[in-house]
**Student:** 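Here it is, the structure, as structure tokens.
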Amino acid sequence: MYTIGLDFGTLSGRAVLVDTRDGAEVAEAVFDYPHGVMDSQLPTGRTLPPDWALQHPQDYIDVFAHTVPAVLRAGGVDAVEVKGIGIDFTASSPMPTTTDGTPLCFLDEMRDEPHAYIKLWKHHAAQRQADQINETARQMGEPWLARYGGKISSEWFFSKLLQIVQERPDIYAKTDRFIEAADWVIWQLTGVETRNTCTAGYKAMVQDGDFPSRDYFRALDPAFEHVVDEKVGREFAELGAKAGELTPRMAALTGLPAGIAVAVANVDAHVTAPAVKAIEPGVMVMVMGTSCCHILSATQLGEVDGMCGVVMGGVIPGLYGYEAGQSAVGDIFAWFVDHAVPPEYHRAAAGAGIGLHDYLEREAAKQRAGEHGLIALDWWNGNRSTLVDVDLTGMMLGMNLATRAPDIYRALIEATAFGTREIIDAFDAQGIAVNELVAAGGLPEKNALLCQIFADVTGRPFKLSGSAQAPALGAAMHAAVAAGIYSDIQAAAKMMGKLKEGVIRPIAGNQAVYDKLFQEYKTLYDYFGRGANDVMKRLKAIKHEALA
């Protein structure tokens, strides 16, 4: 028997056909979103303001149409042997729809309206609304705020919906349902609207089974008083449960049998934990790609500085699931390679027959820890944890006329590792153990230097996912549970989860150097991130004035 998992990322969607007996990945297929990330203009040509990031829901339907038939063909598997389908998604990526689930951006009169589209996870234009959500919660003594490290992010569900209320109340009035793209996709597959507990708990302020009070929402905006009952709903579907069955329409689109089980939606990072066998407390899973999401399960409930949320059963049933994260990791390295590497390195990489990233990694790996004399703050896309501040920006200190591209490349890797150590230290301070790290995603697969530096900086053993498509594998595992092949996700993880052999361990000499460098990182982190010097925000304000 087989299941299919689909991982909806920032730029593409990927399907994996999985043998449920042992987790073997029989075939995979990827489809790049035709509209990509819309951060400068809409398909109509309308220009978007700074800090916007949108997506088009048609791209997600196209993923099903292209990838599912492709994996069936490539795997040589008869569709009748596929018993379930599951998905995972970036979050929070919500969208406004009509009562029947039609996205507002599908309506002719709304195609030129930015607020009618999906607000992608890295949409940061709702920072003012996030600030209001946080300040109002503090004034009213809302107890749930501590469950999110004391701050709600502009990237999350209600920040984005409040932005619509305040900037385009007419579009808010036309919105019958405001729903995560993950849940909308399941709606399209089954014809049944569901809301998964994972996204609701981590991104929509649901704690202990409920949203904040109507009084709180009214304090944000009078039009927001009944937002939950009018636009969202209060019923939540458990992870691993069956959301519904595949409709005949979607069966025809995908080539799968109608009526097979469709699992409740999940989030890309959270669904990865069982895929790498992280079903016990104390194992931090890092899903590393353009950004990095940190997932940790624990037996105890704590309030961790800057965490993105804690939800009972949000990752593994019976355990508290914690989330933290860094807003940019791979994106930082890509920025440097795309915009700041001199031509001589491009020529050298071409002469060596390898890519520029590989060449810079190779050259940087020749250095001793601390040799380049640099320190960086990894805030090229703001800070998600522990500061929760999208208005912070990146910084590099220590450059001189002898600084070379490999030096900067290594310093940027180290900065992202320091950012992870800051997150780990926040958990340690609350007595929540982080015993080992497991990395998944394309970045650690490609960059051995990064893996060693993370082990050295954090002082933890570092393991790698046994699957290059861990989120999709995790989605397929949840589909196996929804189809009744396994009793729960723990049972599925034991049979289908994968880790690579071997462990990357800290090198004592490097660890000692990085302990010193981390103290310098912390000094800069607190100085620029905790209000002593808001120069980054002042520069950003000047930029926005110039662009106005």
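Residue numbers start at 1 and run along the sequence shown.
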**Student:** Do NZ/NE/NH1/NH2 and the carboxylate oxygens of E545 and K540 come within less than 4.0 Å?
**Tutor:**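 Judged by the 4.0 Å cut-off on N to carboxylate O distance, E545 and K540 do not form a salt bridge.
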**Student:** Side chains of F178 and Y172: closer than 4.5 Å at any heavy-atom pair?
**Tutor:**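 No. Closest side-chain heavy atoms not under 4.5 Å.
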**Student:** Does the ring centre of Y525 sit less than 6.0 Å away from the ring centre of W379?
**Tutor:**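 Yes, they do, as the ring centres are separated by less than 6.0 Å.
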**Student:** For a quick test of your reading: what N or O donor-acceptor pairs under 3.5 Å do the side chains of residues 293-306 make, sequence neighbours left out?
**Tutor:**
| from | atom 1 | to | atom 2 | distance (Å) |
| --- | --- | --- | --- | --- |
| H294 | NE2 | Q326 | OE1 | 3.3 |
| H294 | NE2 | T420 | OG1 | 2.9 |
| Q300 | NE2 | G431 | O | 2.9 |

**Student:** How many angstroms lie between CG in L374 and CG in L517, if you round to the nearest 0.5 Å?
**Tutor:**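 Between atom CG of L374 and atom CG of L517 there are 10.0 Å.
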**Student:** Less than 4.5 Å apart, any side-chain heavy atom of V185 and any of F89?
**Tutor:**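 Counting from C-beta outward, V185 and F89 do come under 4.5 Å.
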**Student:** Under 4.5 Å between any side-chain heavy atoms of T175 and T97, yes or no?
**Tutor:**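 Result no, sub-4.5 Å side-chain heavy-atom pair not found.
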**Student:** Before accepting this row, confirm whether a basic side-chain N of the pair E155/K119 lies closer than 4.0 Å to the acidic partner's carboxylate O.
**Tutor:**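 Looking at E155 and K119, the cut-off is not met.
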**Student:** Evaluate T10 against W121 for side-chain hydrogen bond (donor to acceptor under 3.5 Å, both in side chains), listing each step before the verdict.
**Tutor:** CA-CA 9 Å; T10 301; W121 65 269; 3.0 Å; yes
**Student:** Hey, could you give me the CZ/CH2 distance between R177 and W184, rounded to the nearest 0.5 Å?
**Tutor:**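 Taking CZ in R177 and CH2 in W184, the distance rounds to 15.5 Å.
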**Student:** Do L120 and W52 make a side-chain contact, defined as non-hydrogen atoms from C-beta onward lying under 4.5 Å apart?
**Tutor:**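 Result no, sub-4.5 Å side-chain heavy-atom pair not found.
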**Student:** Judged by atom type as modelled, is there a donor-acceptor pair below 3.5 Å linking the side chain of D526 to the main-chain atoms of R530?
**Tutor:**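 It does not hold such a pair.
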**Student:** Is there a side-chain contact between Q469 and L473, using heavy atoms and a 4.5 Å cut-off?
**Tutor:**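 Q469 does not reach L473 side chain to side chain.
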**Student:** Could you tell me whether the side chain of S12 and the main chain of F8 form a donor-acceptor pair under 3.5 Å?
**Tutor:**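 Not confirmed, S12 side chain does not pair with F8 backbone.
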**Student:** Got a donor-acceptor contact below 3.5 angstrom from the K151 side chain to the L387 backbone?
**Tutor:**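 Yes, the answer is positive, given that a donor and an acceptor are paired below the 3.5 Å cut-off.
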**Student:** Centres of the Y148 and Y202 rings: under 6.0 Å?
**Tutor:**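 Between Y202 and Y148, which both carry aromatic rings, the centre distance is not below 6.0 Å.
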**Student:** Would you check if the side chain of D268 reaches a backbone N or O of P471 as a donor-acceptor pair within less than 3.5 Å?
**Tutor:**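 No, the answer is negative, given that no donor and acceptor are paired below the 3.5 Å cut-off.
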**Student:** Sub-3.5 Å donor-acceptor pair from the side chain of D407 to the main-chain atoms of H372, do we have one?
**Tutor:**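 Not a single qualifying donor-acceptor pair exists.
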**Student:** Is the shortest distance from a Lys or Arg side-chain nitrogen in K537 or D389 to a carboxylate oxygen in the other one below 4.0 Å?
**Tutor:**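 Salt bridge: yes.
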**Student:** Could you verify whether a donor N or O on one side chain and an acceptor N or O on the other, from Q41 and T47, lie under 3.5 Å apart?
**Tutor:**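 Note: Q41 and T47 side chains miss the donor-acceptor criterion.
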**Student:** Could you give the distance from CD1 (I424) to CZ (R421), rounded to the nearest 0.5 Å?
**Tutor:**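 Result: 9.0 Å between the selected atoms.
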**Student:** Just do the salt bridge (charged side-chain N to carboxylate O under 4.0 Å, His left out) check on D208 and R147 with the steps written out, would you?
**Tutor:** CA-CA 11 Å; D208 301 321; R147 299 277 186 97; 3.4 Å; yes
**Student:** Hey, does the side chain of H478 reach the backbone of G474 with a donor-acceptor pair shorter than 3.5 angstrom?
**Tutor:**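 Checking the backbone N and O of G474 against the side chain of H478, a donor-acceptor pair under 3.5 Å is found.
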**Student:** Are V227 and L161 close enough that some pair of their side-chain heavy atoms sits under 4.5 Å apart?
**Tutor:**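 Of all side-chain heavy-atom pairs linking L161 with V227, at least one is under 4.5 Å.
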**Student:** Is it the case that the ring center of Y216 lies less than 6.0 angstrom away from the ring center of W144?
**Tutor:**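 Ring-ring flag for W144/Y216: true, centres closer than 6.0 Å.
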**Student:** Does the side chain of N196 pick up a donor-acceptor pair with the side chain of N266 at under 3.5 Å?
**Tutor:**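 Result is no, nothing qualifies.
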**Student:** Taking only Lys NZ, Arg NE, NH1 and NH2, and the carboxylate oxygens of Asp or Glu, determine whether K516 and E520 approach each other closer than 4.0 Å.
**Tutor:**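 No, no charged N to carboxylate O under 4.0 Å.
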**Student:** Would you sort out whether E280 and N435 count as a side-chain contact (heavy atoms from CB on, under 4.5 Å), showing the intermediate values?
**Tutor:** CA-CA 11 Å; E280 301 295 335; N435 299 321; over 6 Å; no
**Student:** Quick one: is the NZ or CZ of R505 closer than 6.0 Å to the six-membered ring centre of F462, and within 45° of its axis?
**Tutor:**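 No.
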**Student:** Would you say the side chain of I133 lies within less than 4.5 Å of the side chain of L162, judging by non-hydrogen atoms?
**Tutor:**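 In contact.
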**Student:** I'd like to know if the side chain of Q207 reaches the main chain of V311, judged simply by a donor and an acceptor atom lying under 3.5 Å from each other, with no hydrogens or angles considered.
**Tutor:**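 Checked: no pair found.
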**Student:** To the nearest 0.5 Å, what is the distance between CG (L449) and OH (Y409)?
**Tutor:**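 The CG atom of L449 sits 8.0 Å away from the OH atom of Y409.
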**Student:** What I want to check is whether the side chains of D131 and Q127 have a donor and an acceptor closer together than 3.5 Å.
**Tutor:**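 Present: a donor and an acceptor within the cut-off.
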**Student:** What distance do L42 atom CG and E113 atom CD have between them, rounded to the nearest 0.5 Å?
**Tutor:**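 Rounded to the nearest 0.5 Å, the CG-CD separation comes to 9.0 Å.
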**Student:** Minimum heavy-atom separation for A440 and S465, please, with both atom names.
**Tutor:**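 Smallest heavy-atom distance, with atoms named: CB-CB, 3.8 Å.
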**Student:** Is there a ring pair (Phe, Tyr, Trp, His ring centres under 6.0 Å) between H56 and Y117 once you walk through the steps?
**Tutor:** CA-CA 6 Å; H56 200 300; Y117 288 81; 5.6 Å; yes
**Student:** Can V264 and I186 be said to form a side-chain contact (heavy atoms from CB on, under 4.5 Å), step by step?
**Tutor:** CA-CA 7 Å; V264 169; I186 297 300; over 6 Å; no
**Student:** Determine, stepwise, if the pair I453 / R410 fulfils side-chain contact (heavy atoms from CB on, under 4.5 Å).
**Tutor:** CA-CA 9 Å; I453 286 174; R410 181 171 180 129; 4.2 Å; yes
**Student:** Run F157 and F211 through ring pair (Phe, Tyr, Trp, His ring centres under 6.0 Å) and show every step you take.
**Tutor:** CA-CA 12 Å; F157 188 89; F211 292 95; 7.7 Å; no
**Student:** Side-chain donor-acceptor pair under 3.5 Å between D515 and Q519, yes or no?
**Tutor:**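 Result is no, nothing qualifies.
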**Student:** So if I apply the salt bridge (charged side-chain N to carboxylate O under 4.0 Å, His left out) rule between E436 and each of K463, K277, R460, which one comes out positive?
**Tutor:**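 Exactly one option meets the salt bridge (charged side-chain N to carboxylate O under 4.0 Å, His left out) with E436, and it is K463.
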**Student:** Can you confirm whether or not the ring centre of Y33 sits under 6.0 Å from the ring centre of Y60?
**Tutor:**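 Centroid separation for Y33 and Y60: below 6.0 Å.
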**Student:** Hey, could you give me the CG/CG distance between D7 and D88, rounded to the nearest 0.5 Å?
**Tutor:**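 CG of D88 is found 4.0 Å from CG of D7.
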**Student:** Any carboxylate oxygen within less than 4.0 angstrom of a Lys/Arg side-chain nitrogen, looking at E323 and K203?
**Tutor:**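 The answer is yes: the pair qualifies as a salt bridge.
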**Student:** State whether the side chain of S385 and the backbone N or O of G325 hold a donor-acceptor pair below 3.5 Å, judged by distance alone.
**Tutor:**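 Indeed, once roles are kept as given, a pair shorter than 3.5 Å links the two residues.
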**Student:** Kindly give the heavy-atom pair with the smallest separation between A417 and V457, and that separation in Å.
**Tutor:**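 Heavy atoms only, the tightest pair is O-CG1, 3.6 Å.
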**Student:** Are L464 and V438 packed together at the side-chain level, in the sense that at least one heavy-atom pair is separated by less than 4.5 angstrom?
**Tutor:**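 They are not in side-chain contact.
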**Student:** How are the rings of F418 and Y514 set to each other: parallel, tilted or perpendicular (split at 30° and 60°)?
**Tutor:**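 Perpendicular: the ring planes of F418 and Y514 meet at over 60°.
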**Student:** For G9 and T90, which heavy atoms make the closest approach, and how far apart are they?
**Tutor:**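 Where G9 meets T90 most closely, the heavy atoms are C-CG2, 3.8 Å.
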**Student:** For F336 and V341, run side-chain contact (heavy atoms from CB on, under 4.5 Å): C-alpha distance rounded to whole Å, both residues' side-chain angles, the deciding distance at 0.1 Å, then the answer.
**Tutor:** CA-CA 7 Å; F336 179 63; V341 178; 3.7 Å; yes
**Student:** Could you check whether H123 and Q55, counting side-chain N and O atoms only, form a donor-acceptor pair closer than 3.5 Å?
**Tutor:**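 No pair is found: no donor N or O on one side chain lies under 3.5 Å from an acceptor on the other.
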**Student:** Over 60° means perpendicular and under 30° means parallel, so tell me whether F427 and Y322 are parallel, tilted or perpendicular.
**Tutor:**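 Geometry flag for Y322 against F427: perpendicular rings.
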**Student:** Are the charged groups of R195 and E180 less than 4.0 angstrom apart, N to O?
**Tutor:**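 Salt bridge between R195 and E180, a charged N being under 4.0 Å from a carboxylate O: no.
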**Student:** How close do P50 and A125 get, heavy atom to heavy atom, and via which atoms?
**Tutor:**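 Looking at all heavy atoms of both residues, the closest pair is O-CB, 4.2 Å.
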**Student:** Of all the heavy-atom pairs spanning M286 and C292, show the shortest one and how long it is.
**Tutor:**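 Scanning both residues completely, I find the closest heavy atoms to be CB-SG, 3.9 Å.
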